[in-house]
Number of protein chains: 2
Amino acid sequence: MSANSRLTIAAHALAWIGLYQRQGHEVATSEQIAASANTNPVVIRRLLGELRRAGLVESRRGAGAGWSLARELGSITLLDVYEAVEPGPLFAMHRTTPDQGCVVGHGIQPAMRGIYQDIEETLRHELARVTLEKVLRDVLAAPRQPL
Amino acid sequence: MSANSRLTIAAHALAWIGLYQRQGHEVATSEQIAASANTNPVVIRRLLGELRRAGLVESRRGAGAGWSLARELGSITLLDVYEAVEPGPLFAMHRTTPDQGCVVGHGIQPAMRGIYQDIEETLRHELARVTLEKVLRDVLAAPRQPL
DNA sequence: GGCTGTCGTAACGATAATTGTTACGGCAGA
DNA sequence: TCTGCCGTAACAATTATCGTTACGACAGCC
């Protein structure tokens, strides 16, 4: 599985915005989040754009612009984020259709589709159990660097 | 998630070999399997090579060469295949280390690592519940093409 | 009304993984 | 010795992600 970090970065951004707002600020800028995640602001804006389309965050333009949460961290789950930023299914079928004249080639795709659906359903269930509130709690529970 | 079909093709190959052997044949060739999966024999050989390293199949060289199962279909699970052909973890961390001076940047990786471990453990458990015997059964249960 | 900071998005290159393909040496049975 | 297939290297094509630059649009503020 080509590992992509989209879910990780998106969770990072949401946790950052959530904590920042709890410290009294109204909006967070993509530049601030990018500095924390050590990446480019455009990468953050792209990801947050997808989260906005999913109704998880809001953006404000003009002067004093930036991003804010559209929902409480406790009501956002990793499944919400996953569905917002991950396009395709977990496992793919053959890229060319198998030989339909062969018994296995004919039955393999319906068989695997059913099996994959069950597995992905379980994955979604697990993702839905983790709220961004818990993510932020775990983040803050990380041991501080010893001096 | 960039969808890769490695697990699907590997399961296809195993089911094909298993059925072929039940029909009385000793070994299956990569060319036969490739014809069923509608791909190149080298792709099959590469995948089966990984399954061989995992102890799931055996290969014979020389004349009358080919592939055979090293274990019964009923004792091979999708988890065995998954571990044999999928290299990395399901979700990746940041490709560059986040800002350790930021509270979120410092705590995000340990937090996500723990969460991802739990989720992947559940995924493995689900994959382990499906044997290749069941895959073949589902394959054969697919409705035949109406004439 | 202009200035300024940030979003929104297009465009492009770099990188990496997967897949398909050709090629060729090596092995073992007939 | 001949033949069929494995085992593996090498390379191109395709695709996704990520980083980067650039620039127009927007809205508050002076």
Is B:R6 near enough to C:dT19 that one of its side-chain N or O atoms lies under 4.0 angstrom from OP1 or OP2?
yes

Take A:R71 and A:D80 through the salt bridge (Lys or Arg N to Asp or Glu O under 4.0 Å) test and state the conclusion after the steps.
CA-CA 11 Å; A:R71 294 207 239 145; A:D80 297 321; 3.8 Å; yes

Would you kindly give the CG-to-C1' distance between A:L48 and C:dT6, to the nearest whole Å?
13 Å

Would you please confirm or rule out a distance under 4.0 Å between OP1 or OP2 of D:dC18 and any side-chain N or O of B:R95?
no

Between the base of D:dC26 and the side chain of A:R61, is there any donor-acceptor pair under 3.5 Å?
no

Heavy-atom distance under 4.5 Å between the side chains of A:H94 and B:T39, does that happen here?
no

Please report, rounded to the nearest Å, how far the C1' atom of D:dT15 is from the CG atom of A:N4.
13 Å

Between CD of A:E86 and P of D:dC18 the distance, given in whole Å, is 9 Å

Rounded to the nearest angstrom, tell me the gap between atom CD in A:E26 and atom C1' in C:dC7.
17 Å

If you look at every strand shown and take non-hydrogen atoms under 4.0 Å, does B:G49 touch a base, only sugar-phosphate, or nothing?
nothing

What I'd like to find out is whether the side chain of B:L127 reaches to under 4.5 Å of the side chain of B:R124, using heavy atoms alone.
no

Should the pair A:F91 and B:Y82 be assigned to parallel (<30°), tilted (30 to 60°) or perpendicular (>60°) ring geometry?
perpendicular

Side-chain contact check for B:A65: nearest option of D:dC6, D:dC18, D:dG24 is D:dC6

5′-ward residue of the pair B:T96/B:E31 relative to DNA chain D
B:E31

When the distance from CG of A:L47 to C1' of C:dT9 is rounded to whole Å, what number comes out?
14 Å

So, does B:T29 get its side chain near the phosphate of D:dC5, meaning an N or O under 4.0 Å from OP1 or OP2?
no

So, OP1 or OP2 of D:dC18: does either fall under 4.0 Å of a side-chain N or O from A:S5?
yes

Over all strands shown, is B:R46 touching base, sugar-phosphate only, or nothing at heavy-atom distances under 4.0 angstrom?
base

Short side-chain N/O contact from A:S59 to OP1 or OP2 of C:dC7, under 4.0 Å:
no

Please determine which of B:E83, B:E50, B:E86 meets the salt bridge (Lys or Arg N to Asp or Glu O under 4.0 Å) test together with B:R6.
B:E50

Between A:I44 (CD1) and D:dT17 (P), how many Å, whole number?
15 Å

Taking only side-chain nitrogens and oxygens of B:S30, does any of them come within less than 4.0 Å of OP1 or OP2 of D:dC6?
yes

Side chains of B:H125 and A:T122: closer than 4.5 Å at any heavy-atom pair?
no

Please figure out whether A:R45 or A:A63 has its closest DNA chain C nucleotide nearer the 5' end.
A:A63

Given atom CZ of B:R60 and atom C1' of D:dC6, what is their separation to the nearest angstrom?
13 Å

Between B:W67 (CH2) and C:dC27 (P), how many Å, whole number?
16 Å

In terms of the nearest nucleotide of DNA chain D, which residue is placed more toward the 5' end: B:G62 or B:V42?
B:G62

Below 4.0 angstrom from OP1 or OP2 of D:dG7, is there any side-chain N or O of B:R52?
yes

